[in-house]
Amino acid sequence: MDGSRENLLHLYLHIDELEPRGGILELLRSIRPQWKPQDIHMKTFTEGLTNKLIGCFVGSLQENDCVLVRLYGRMTELYVNREREVQMFQVLHSYRCGPQIYCTFQNGICYEFVPGTVLDDTLVRQPPIYRLIAAEMGKIHCIRPEGGQGEPFIWTKMSHFLALLLKSRNISPVAQRRPDSWVAFPGVPSFGILSGEMETLKRHLSQIDSPVVLCHNDLLIKNIIYNHTDGMVKFIDYEYADYNYQAFDIGNHFNEFAGERLEITMNIDRCCCPGVEDINYSRYPGVELQRDWLTAYLESYKHSSGLEVRVTDAEVTRLYVQVCKFSLASNFFWGLWAIFQSRHSTIHFNFQRYATARLSYYFKKKEEYFGMNPKLDINSGV
């Protein structure tokens, strides 16, 4: 994988998050010089948990080119590798799996708008659509790295979160005001228990023969755009994209059926999502949906790998078991993320409740999923 930025424009420009128009107009003079400043419309699409996204266009959004300007959120540089994110934009675009990135600037990036509809809880359960999602993920998972991929993303990122949490006990302004904040909400174990739990997960999951592939790693339902006209889906937002276990990416997506880290969306074409949806694991996809999804995924994965497109029940069951196990890692990972956010973020979001929900479900399902094997009677349910 070529991570070079040699051909990518970088502007030494810092855009004011509170009053962004002036800075954005300066940026557009470089990438859209034909646009007249007085004709440019700007619309805030999302004010999310980590970023602010502003759409820029002339005339009607539905009929004309639209440029997206994303401003990085406060302290996100602590846990998001922005260099890697740009690499992922470039790689996915080169394989026609993602939008073109136009430029970077001091506190953000600028890239192509992907037309379509953001998925919701109903659309993502419709067979024609979830099969498209499965096929797109299978295609992305077949993008091969140059020179090897290194250690799977999940272990390095979990270790990084734990290191940040350990450090934050001493330097976090929130922690200084509330010295007991580490145990200030129920359902969150001590730092020592969390560290030990990560090692237990690593020992167990490293023994599972799940391929390391290029993963999105954060496939929220709202990170999927459905283009009805073209009959296709595209994934957006690559802050966590990296090489990781195949089964993690799938299990992480299935977990998002239960409830998401929603952004506040104010979009002409796309749905409005004010606030936060509660996690409800009764919405986790049932076995029948999972097996159909995994069949479509394996067909795409084999086709993109140049293999015979023939999927057996045994292959589906094997992947199903792997996905169940790696869904544990997904819950644990986002639990750590939420603990960190609860100690640093100024965003109005109940990170503590979110951390408790993700970690509680991890511990609830741990013994069951650890005990699963490919010969499990899948008709017994999840």
Side-chain angles (χ1 to χ4, degrees), residues 48-50 75-76 78-81 84-85 88 137 149-168 187-206 208 210 212-223 235 237-262 279 281 284 322-345 349 351-366 369-370:
L49 299 182
T50 55
M75 298 184 71
T76 56
L78 290 178
Y79 57 89
V80 175
N81 185 332
R84 192 64 161 169
E85 180 186 14
M88 292 295 104
M137 185 180 286
Q149 71 277 341
E151 186 176 9
F153 159 95
I154 190 63
W155 308 128
T156 55
K157 188 62 76 171
M158 278 188 188
S159 296
H160 184 56
F161 272 133
L162 284 169
L164 289 173
L165 288 173
L166 183 62
K167 185 177 181 181
S168 72
V188 174
S190 68
F191 178 85
I193 290 176
L194 290 173
S195 297
E197 209 56 49
M198 192 202 87
E199 292 303 319
T200 298
L201 265 176
K202 186 173 183 178
R203 282 195 303 272
H204 184 85
L205 297 181
S206 295
I208 299 170
S210 182
V212 176
V213 297
L214 180 60
C215 293
H216 186 282
N217 289 317
D218 189 22
L219 199 56
L220 307 173
I221 294 174
K222 303 301 177 187
N223 278 346
F235 305 159
D237 292 352
Y238 311 124
E239 288 185 316
Y240 298 93
D242 212 327
Y243 288 91
N244 200 8
Y245 295 105
Q246 174 192 63
F248 177 92
D249 215 15
I250 302 172
N252 187 71
H253 175 59
F254 286 170
N255 275 334
E256 297 301 339
F257 279 55
E260 303 192 66
R261 290 156 285 123
L262 297 183
I279 296 179
Y281 281 99
Y284 193 91
Q322 292 178 343
V323 167
C324 286
K325 290 175 181 289
F326 274 94
S327 72
L328 292 172
S330 164
N331 280 315
F332 189 79
F333 174 80
W334 293 112
L336 294 180
W337 171 88
I339 295 171
F340 175 79
Q341 294 286 1
S342 74
R343 299 172 67 82
H344 287 282
S345 179
F349 181 92
F351 290 107
Q352 294 184 354
R353 185 174 66 181
Y354 188 81
T356 299
R358 296 300 295 251
L359 291 172
S360 294
Y361 199 71
Y362 163 80
F363 285 106
K364 177 181 179 181
K365 304 300 288 188
K366 176 185 170 183
Y369 286 173
F370 270 22

Can you confirm whether [X] sits close enough to [Y] that some side-chain heavy atom of one is under 4.5 Å from a side-chain heavy atom of the other?
{"X": "Met137", "Y": "Phe235", "value": "yes"}
{"X": "Met158", "Y": "Leu201", "value": "yes"}
{"X": "Asp218", "Y": "Asp237", "value": "no"}
{"X": "Phe153", "Y": "Asn81", "value": "no"}
{"X": "Tyr240", "Y": "Val80", "value": "yes"}

Across all chains, not counting sequence neighbours, the side-chain hydrogen bond (donor to acceptor under 3.5 Å, both in side chains) partners of Gln246 are Tyr297
Once side-chain hydrogen bond (donor to acceptor under 3.5 Å, both in side chains) is applied, do any residues pair with Tyr245, and if so which ones, sequence neighbours excluded? Trp155
Going through the checks in order, is the side-chain contact (heavy atoms from CB on, under 4.5 Å) test met by Phe254 and Ser327? CA-CA 8 Å; Phe254 286 170; Ser327 72; over 6 Å; no
Separation of [Y] [atom2] from [X] [atom1] (nearest 0.5 Å):
{"X": "Asp242", "Y": "Leu214", "atom1": "CG", "atom2": "CG", "result": "8.0 Å"}
{"X": "His216", "Y": "Glu239", "atom1": "NE2", "atom2": "CD", "result": "9.5 Å"}
{"X": "Thr76", "Y": "Glu85", "atom1": "OG1", "atom2": "CD", "result": "9.0 Å"}
{"X": "Ile339", "Y": "Leu162", "atom1": "CD1", "atom2": "CG", "result": "8.5 Å"}
{"X": "Phe191", "Y": "Leu165", "atom1": "CZ", "atom2": "CG", "result": "7.0 Å"}
{"X": "Tyr369", "Y": "Lys364", "atom1": "OH", "atom2": "NZ", "result": "9.5 Å"}

Which label fits Tyr284 and Tyr361: parallel for a plane angle under 30°, tilted from 30 to 60°, or perpendicular past 60°?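 It falls in the tilted class, 30° to 60°.
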Could you label the plane-to-plane angle of the Phe161 and Tyr79 rings as parallel, tilted or perpendicular, counting under 30° as parallel and over 60° as perpendicular? tilted
Test Phe340 against Phe351 for side-chain contact (heavy atoms from CB on, under 4.5 Å), laying out the working first. CA-CA 9 Å; Phe340 175 79; Phe351 290 107; over 6 Å; no
Heavy-atom pair of closest approach, residues Pro152 and Asn244: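 Taking Pro152 first and Asn244 second, the nearest heavy atoms are CB-OD1, 3.8 Å.
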Can you give me the closest heavy-atom contact between Tyr281 and Ala357, atom names plus distance? CE1-O, 4.1 Å
Donor-acceptor under 3.5 Å (Ser206 side chain, Arg203 main chain):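 Such a contact is absent between Ser206 side chain and Arg203 backbone.
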Examine distances only and state if a side-chain atom of Asp249 and a backbone atom of Asn217 form a donor-acceptor pair shorter than 3.5 Å.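 Indeed, once roles are kept as given, a pair shorter than 3.5 Å links the two residues.
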Quick one: ring pair (Phe, Tyr, Trp, His ring centres under 6.0 Å) partners of His160, sequence neighbours excluded?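 Here no residue qualifies.
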Ring pair (Phe, Tyr, Trp, His ring centres under 6.0 Å) involving Phe332 - partner list, sequence neighbours excluded: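 Applying ring pair (Phe, Tyr, Trp, His ring centres under 6.0 Å) to Phe332 gives Tyr362.
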Using the test side chain to side chain contact (heavy atoms under 4.5 Å, CB included), find all partners of Ala247 that sit at least two apart in sequence or belong to another chain. Ser210, Gln322, Val323, Phe326
Partner residues of Ser330 under the side chain to side chain contact (heavy atoms under 4.5 Å, CB included) criterion, sequence neighbours left out: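 Testing Ser330 for side chain to side chain contact (heavy atoms under 4.5 Å, CB included), a comparison that skips the adjacent residues, returns Phe248, Asn252, Asn255, Trp334, Arg358.
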Could you list the residues that satisfy salt bridge (Lys or Arg N to Asp or Glu O under 4.0 Å) with Lys202, not counting sequence neighbours? Glu151
How would you list, by chain and number, every residue that makes a salt bridge (Lys or Arg N to Asp or Glu O under 4.0 Å) with Lys366, sequence neighbours excluded? Glu197
Step-by-step side-chain contact (heavy atoms from CB on, under 4.5 Å) determination, Leu336 to Leu194: CA-CA 9 Å; Leu336 294 180; Leu194 290 173; 4.0 Å; yes
